[in-house]
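A short write-up of the structure that comes next.
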Amino acid sequence: MQTSATSTSAAPHAATSSDDHGAQQHPVGIYLKVWGLLFVLSTFSYLVDYANLQGYLRWGLILALMVAKAGLIVAVFMHMRWERLALIYAILIPPLALLVLMSLMAAEADYTFLTRLAHFR
């Protein structure tokens, strides 16, 4: 007798959870717009090479377009747009860690260079 009571009480709860999951779906239009924007940003990055830009302007534009594309992918396709803190951590922490490691390598390279200058003159 108890088994039938527990199965009937569990059934409405299961239906409610599946209805909640269905309400979290995002419209397909968002994905199509982001896909189009990614296509446009990729076209711009190819046009930077086609325009024969050189130096810091070229690399600055390529990096800016790359960061914009990565941000769109992380925000929409990885569903972090709706989680602000996770998005900030995913976008800011890896480049900051790379900058710290690069600055440590640059400091060590300067030390090595100056040490060689002092001992091999």
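Just so it is clear, the model here is predicted, and its values are computed rather than measured. Residue numbers count from 1 along this sequence.
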- [ ] Would you sort out whether Asp49 and Ile62 count as a side chain to side chain contact (heavy atoms under 4.5 Å, CB included), showing the intermediate values?
- [x] CA-CA 9 Å; Asp49 283 334; Ile62 288 173; 4.0 Å; yes
Task: 4.5 Å side-chain heavy-atom contact, Leu96 and Val100 - done: no
Open item on the list: How long is the straight-line distance from CZ of Phe44 back to CG of Leu41, given to the nearest 0.5 Å?
Closed with: 7.5 Å
TODO: Check whether any side-chain heavy atom of Ser45 sits under 4.5 Å from a side-chain heavy atom of Met66, and report yes or no.
DONE: no
- [ ] State, with a plain yes or no, whether a side-chain heavy atom of Val34 is found less than 4.5 Å away from one of Ile73.
- [x] no
Task: Value rounded to 0.5 Å, distance of CG in Leu53 from CG in Leu47 - done: 10.0 Å
- [ ] Give a yes or no on whether Leu65 and Leu57 share a hydrophobic cluster (residues Ile, Leu, Val, Met, Phe, Trp, Tyr; joining criterion: side-chain heavy atoms under 4.5 Å apart).
- [x] yes
- [ ] Give the cluster check for Trp35 versus Val40: same hydrophobic cluster or not, with ILVMFWY residues linked at side-chain heavy-atom distances below 4.5 Å.
- [x] no
- [ ] Examine Leu37 and Val48 and state if one hydrophobic cluster contains both, with Ile, Leu, Val, Met, Phe, Trp and Tyr joined whenever side-chain heavy atoms are less than 4.5 Å apart.
- [x] yes
TODO: Output the distance between atom CZ (Phe113) and atom OG1 (Thr115), rounded to the nearest 0.5 Å.
DONE: 10.5 Å
- [ ] Nearest 0.5 Å please: distance from the CE atom of Met105 over to the CG atom of Asp110.
- [x] 12.0 Å
